[in-house]
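Quick note on labels: first sequence line is chain A, next is B, and so on, each numbered from 1.
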Amino acid sequence: MRRLFGAIAVLLFGVVLSGVATGYVERIAPSELARRYLAEVPLDLGAANVVTGILITYRGFDTLGEVAVLFMVAATVGLLLGAETRGTSVASRPEPRPPSELVSNGAEIVLPVIFLFGVYVIANGHLSAGGGFQGGAVVASAVGLMVLARPSIGLDHGFLSVAESLAGVLYVTVGILGLVLAGGFLDSRFLPHGALGAFVSAGAIPLISALLGIKVGAELSVIIDRFRS
Amino acid sequence: MGLPISHVLLVTGLLLMLIGLWGVFAHRNILRIIIGFSIFNTGIHIVMVATGYVTDGTAPIIDRALPVGEAVRRAVDPIPAALVVTAIVIGFSVTAVMLAYAVRLHQARKTLSIDAFTESKW
């Protein structure tokens with residue numbers, strides 16, 4: 001009976017969504033706002049990657065809010081999962097199964113490459129596909145693999161929270177510098193443009209990207225570690 | 001030429017949304033319901049990216065293949081891509097909170113079946 005109602009609901013959604021699919025026409029040209037972004041991000045901000053320019057400068061305040069959401073989730077997960085670890089004693093748990101040889105050996109080879117790739121993605125966010133969020137997620141995935149390969153390893157929560165708070169404070173400080181020296185909060189144009197496509201270019205965007213990467217990587221690592229206990 | 005690529009993407013995203021919705025409705029295990037939500041989420045992201053495609057467009061990244069002057073004519077819409085980055089992070093956050101609640105619920109009742117939690121059912 002319940003499944004019947006579920007099937008009917010999915011079917012009705014399917015009717016609505018099929019209307020979307022049949023009515024869709026591929027666009028010939030980007031919208032007015034998109035054309036403006038495409039023209040202004042390379043010239044005005046000096047960033048080769050238009051998406052990063054939008055995310056970090058034009059929608060920088062939104063990105064700050066997003067980082068705040070991540071922080072709140074890390075706190076919530078800590079609140080939900082942290083309370084029980086005090087209740088149940090560690091000794092009563094069964095001995096954790098050691099990771100398989102494939103995981104532990106694979107991690108030894110792949111881990112440094114993943115960390116390096118994460119840093120590369122963060123540092124090249126203004127030049128090619130990538131940025132602080134993406135690179136931070138790559139770094140956190142490496143932390144997840146590390147935790148799987150060595151279950152006994154303990155992440156230093158103190159260090160992670162200090163790194164994360166410091167990155168957050170510096171991020172807001174850079175935003176205020178933009179307010180004082182350039183056009184507004186989180187305006188990246190208070191540092192020189194540099195040549196379009198050079199590694200050191202695009203004003204403060206690489207700096208903000210690196211801070212975001214540190215913050216996101218640390219926050220996601222804390223969330224992963226919370227689920228381990 | 002056949003189907004335009006963005007249409008294929010759009011239909012794939014919509015189908016994923018329906019599959020995720022079915023997963024949420026049909027399953028009684030909380031973990032499976034969470035997986036259903038995640039698939040639904042991914043479907044929405046694919047739909048959003050598909051709507052940003054412009055015919056014969058390329059990635060909105062300026063390099064040798066896409067000089068500054070041509071970006072306005074040849075690049076896809078960058079706004080859905082920027083919005084989807086935000087949406088992915090929020091989706092991750094929601095999934096993390098759901099999983100944390102699932103862990104707590106399992107501690108309370110030693111089961112993950114949604115039928116065991118009837119307090120707020122009318």
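With a threshold of 4.5 angstrom between heavy atoms, A:Ala7 approaches chain B through its backbone and through its side chain. For A:Leu11, no part lies under 4.5 angstrom from a heavy atom of chain B. For A:Ala74, no part lies under 4.5 angstrom from a heavy atom of chain B. For A:Ile223, the part sitting under 4.5 Å from any heavy atom of chain B is the side chain, from C-beta outward, and nothing else. Only the side chain of B:Phe92 comes within less than 4.5 Å of a heavy atom in chain A; its backbone stays farther off. Only the side chain of A:Tyr37 comes within contact range of chain B, with heavy atoms under 4.5 Å apart. Contact annotation for B:Val11: only side-chain heavy atoms (C-beta onward) come within less than 4.5 Å of a heavy atom of chain A. In this structure, the portion of B:Ile90 lying under 4.5 Å from any heavy atom of chain A is its side chain and not its backbone. Proximity to chain A is limited to the side chain of B:Leu10, based on heavy atoms less than 4.5 angstrom apart. When heavy atoms are compared at a cutoff of 4.5 Å, B:Leu15 does not approach chain A at all. Looking at A:Arg59, only its side chain comes within 4.5 Å of chain B, counting heavy atoms on both sides.
When side chains are defined from C-beta on, A:Leu55 counts as touching B:Thr86, because their heavy atoms get closer than 4.5 Å. Annotation: side chain of B:Ile88 is not in contact with side chain of A:Phe133 (no heavy-atom distance under 4.5 Å).
Residue A:Arg35 places its CZ atom among more than 12 non-hydrogen atoms of other residues, nucleotides or ligands, all under 6.0 Å distant.
Heavy-atom pairs under 4.5 Å with chain B were tallied for A:Thr63, A:Leu70, A:Val216; the largest tally goes to A:Leu70. Across B:Val85, B:Val54, B:Thr51, B:Val94, the residue that shares the most heavy-atom pairs under 4.5 angstrom with chain A is B:Val54. Put simply, of A:Ala34, A:Gly65, A:Ala129, the one with the most heavy-atom pairs under 4.5 Å next to chain B is A:Ala34.
To the nearest 0.5 Å, the span separating CZ on A:Phe13 from CH2 on B:Trp22 amounts to 14.0 Å.
Counting only distance, with no hydrogens or angles, the side chain of B:His7 and the backbone of A:Thr22 share no donor-acceptor pair below 3.5 Å.
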